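A short worksheet on the structure shown next.
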Amino acid sequence: MNFTLQHTDKQSNARAGLITTDHGVIETPIFMPVGTVASVKAVHFHELKEDIKAQIILGNTYHLYLRPGLTILEQAGGLHKFNGWDRPILTDSGGYQVFSLSGNRKLKEEGAHFRSHIDGSKHLFTPENVVDIQRIIGADIMMAFDECTPGDAPYDYAKKSMELTHRWLKRGLERFDATTGKYGYSQTFFPIVQGCVYPDLRKQSAEFIASQGREGNAIGGLAVGEPTEKMYEMIEIVNEILPKDKPRYLMGVGTPQNILEGIERGVDMFDCVMPTRNGRNGMLFTSQGIMNMRNEKWKNDFTPLDEFGTSYVDQAYTKAYLRHLFISQELLAMQIASIHNLAFYLWLVGQARNHIIAGDFVAWKREMMPRLGRRL
RNA sequence: GGGCAGUUACCAAAGUGGCCAACUGGGGCUGACUGUAACUCAGCUGUCUUUCGACUUCGGAGGUUCGAAUCCUUCACUGCCCA
């Protein structure tokens with residue numbers, strides 16, 4: 001993997017760059033649609049490529065390990081061959097499941113003991129076997145196994161959690177450096193900053209992560225229950241330390257506003273389930289604000305879904321029709337909403353990139369921000 | 001014409017003297033969702049009120065009772081069966 005910094009904004013820390021992988025080039029800042037179980041829910045890869053213009057998608061180590069399982073993935077020749085997505089893939093390590101499935105797991109020094117949410121069976125994830133699994137999945141970018149610390153964790157817990165993540169990182173890196181990709185292309189490994197909402201911990205973690213000298217770095221443990229302002233503050237502290245010539249990935253974030261704030265603070269990569277999950281639940285993000293498509297007010301609004309939208313669904317369908325599809329629980333509703341939302345997210349980061357290159361990012365962002373949160 | 005069963009909120013359907021503005025579904029409305037256990041979850045759904053609470057309801061009318069959706073009388077309507 002290679003990162004080229006193309007432009008750095010003069011009035012902010014925003015940057016535009018290029019990440020080159022063996023599966024293609026990614027223009028940053030970028031948003032990465034989440035495809036947990038080898039599928040971006042409700043969206044075909046054809047639409048993802050041609051209409052949404054996704055450049056890289058996510059997969060999830062924990063979920064793919066449980067199903068379809070490593071035997072199938074290896075027989076298929078890796079995830080790219082299995083699902084047919086021939087562009088870059090990033091896999092999360094399962095660190096988020098340490099957080100989200102906290103009722104089903106026990107943390108120990110060696111790793112995390114999970115009970116499968118599917119059948120209750122017992123599994124052990126360690127920093128080492130999570131690398132091995134991601135070798136089999138064949139992600140272009142694999143993530144370190146960390147503990148995603150809850151946003152409301154007390155200081156002592158956050159400190160211990162961060163230290164565990166750091167120890168796990170050393171072990172993961174050792175395994176990564178001792179192994180190679182199985183399918184003829186190269187893989188890279190991003191370590192993850194933790195430290196919850198505590199500036200000194202974040203600083204300490206960022207320094208530790210930066211000192212590992214990897215090809216890219218991630219910021220984790222944000223947007224997990226802490227106030228949004230705290231999140232922005234932590235990003236600033238961390239990005240002060242993380243190297244400028246490496247991509248920075250803010251994990252799991254977020255709303256359109258979160259993303260612009262992140263870009264302004266020097267983040268290059270984002271992923272989030274919001275455009276797809278919230279889309280399936282009837283929520284549309286647009287350049288003019290947010291719409292809940294189940295609301296009665298759209299009942300007889302026969303104007304296009306999003307007159308400023310760039311995806312074909314925006315012009316092809318009306319608000320009244322999409323509302324009808326949601327009220328009727330038609331599957332097409334979820335497809336349309338997911339395509340729209342992802343296309344909007346990719347449009348948003350594409351615009352940000354263009355304005356960074358043009359030199360007017362801050363002014364553009366100032367104009368966009370109030371509109372993005374408006375409820376239509 | 002006779003017999004039996006029934007009539008409860010938007011729909012369906014519990015409740016058979018006070019704990020009933022009334023269980024539960026559905027429908028409807030509103031909200032939540034941030035490295036996806038999520039086509040999920042939560043709240044509201046007689047009227048007024050932010051809450052407390054007040055008021056009006058259980059086919060219609062009348063009655064019994066301290067008190068009725070619940071008991072009695074009667075009327076209307078619906079379904080099934082017999083003629």
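The shown structure was predicted, so the numbers you read here are calculated from the model rather than taken from an experiment. Chain identifiers are assigned alphabetically (A, B, ...) following the order of the sequence lines, protein sequences preceding nucleic acid strands; residue numbering begins at 1 within each chain.
- Ring to ring, A:Y96 and A:F99 are close: their centroids are under 6.0 angstrom apart.
- Taking every side-chain heavy atom of A:M251 into account, B:G35 is the closest of B:U34, B:G35, B:C29.
- Look at the P atom in both B:U36 and B:G28: the space between them is 31 Å, to the nearest Å.
- If you check B:G46 for Watson-Crick or wobble pairing at under 3.5 angstrom, you find it paired to B:C55.
- For the pair A:D271 CG and B:U34 P, the interatomic distance rounds to 12 Å; values are reported in whole Å.
- Comparing the C1' positions of B:G46 and B:C20 gives a spacing of 13 Å, expressed to the nearest Å.
- For A:M334, the side-chain atoms get nearest to B:C39 when compared with the rest of B:A32, B:C39, B:U34.
- With respect to the salt-bridge test (charged N to carboxylate O, under 4.0 angstrom), the residues A:E207 and A:K203 do not qualify.
- Searching all strands for a Watson-Crick or G-U wobble partner of B:C41 with both distances below 3.5 Å returns B:G31.
- One finds no salt bridge joining A:R15 and A:D9 here, because no Lys/Arg side-chain nitrogen approaches an Asp/Glu carboxylate oxygen to under 4.0 Å.
- Side-chain atoms of A:Y96 lie closest to B:G35 of the nucleotides B:G31, B:G35, B:A37.
- If you take atom P in B:G1 and the same atom in B:U8, they sit 26 Å apart, rounded to whole Å.
- The interatomic distance linking A:Y65 (OH) with B:G35 (P) rounds to 23 Å, in whole Å.
- Across B:G35, B:A37, B:G31, the shortest atom-to-atom separation from the side chain of A:R375 is found for B:G31.
- Across the P atoms, B:C58 and B:A21 are found 14 Å apart, a figure rounded to whole Å.
- Rounded to an integer number of Å, the gap from CZ of A:R280 to C1' of B:U36 is 7 Å.
- For A:H355 and A:H7, the ring centers are positioned 6.0 Å apart or more.
- In this structure, A:F285 and A:Y345 have perpendicular ring planes: the angle between them is above 60°, well past the 30° mark.
- Nucleotides B:A37 and B:C44 are separated by 28 Å at their P atoms, to the nearest Å.
- Nucleotide B:C80 has B:G3 as its partner under the Watson-Crick or G-U criteria, with both atom distances under 3.5 Å.
- A:N258 comes within contact range of at least one nucleobase, with a heavy-atom separation under 4.0 Å.
- B:U74 sits 31 Å from B:C10 when the C1' atoms are compared, rounded to a whole Å.
- For the C1' atoms, the distance from B:G62 to B:C80 is 30 Å, rounded to whole Å.
- Closest contact between the side chain of A:C148 and the listed nucleotides B:A37, B:C29, B:G35 involves B:G35.
- Between the CG atom of A:N295 and the C1' atom of B:G28 there is a distance of 13 Å, rounded to whole Å.
- Of the candidates B:C29, B:G35, B:U36, the closest approach to any side-chain atom of A:R323 belongs to B:C29.
- Dashed line: the shortest gap from a side-chain N or O of A:S93 to OP1 or OP2 of B:G35 is not under 4.0 Å.
- Atom CZ of A:F99 is separated from atom P of B:U36 by 11 Å (rounded to the nearest Å).
- A straight line from CG of A:N281 to C1' of B:U40 spans 6 Å, rounded to a whole angstrom.
- Aromatic ring orientation, A:F145 versus A:W168: parallel (interplanar angle below 30°, classes split at 30° and 60°).
- Out of B:A37, B:G35, B:U34, the shortest distance to the side chain of A:I192 is found at B:G35.
- Look at B:U73: its Watson-Crick or wobble partner, with both distances under 3.5 angstrom, is B:A61.
- Taking only distance into account, the side chain of A:D146 meets the base of B:G35 through a donor-acceptor pair shorter than 3.5 Å.
- In this structure, a donor-acceptor pair under 3.5 Å is present between the side chains of A:T91 and A:Q134.
- Proximity of A:Q97 to the phosphate of B:G35: no side-chain N or O atom is located under 4.0 Å from OP1 or OP2.
- Atoms CD1 (A:I327) and C1' (B:C39) sit 14 Å apart, rounded to a whole Å.
- A gap of 34 Å separates the P atoms of B:A42 and B:G17, to the nearest Å.
- Of the candidate nucleotides B:A37, B:C39, B:G31, B:C39 has the atom nearest to the side chain of A:L331.
- Counting non-hydrogen atoms under 4.0 angstrom, A:G35 reaches nothing in the nucleic acid.
- Nucleotide B:A32 holds its C1' atom 10 Å from the CZ atom of A:R294, rounded to whole Å.
- The phosphate of B:G31 has OP1 or OP2 within less than 4.0 Å of a side-chain N or O from A:N292.
- Residue-level contact check: A:Q194 touches the bases, meaning some heavy atom is under 4.0 Å from a base atom.
- Between the base of B:U36 and the side chain of A:T276 there is a donor-acceptor pair shorter than 3.5 Å.
- Judged by closest nucleotide on RNA chain B, A:G282 is the one of A:T36 and A:G282 placed further toward the 5' end.
- Using cut-offs of 30° and 60° on the angle between ring planes, the pair A:F344 and A:W347 is parallel.
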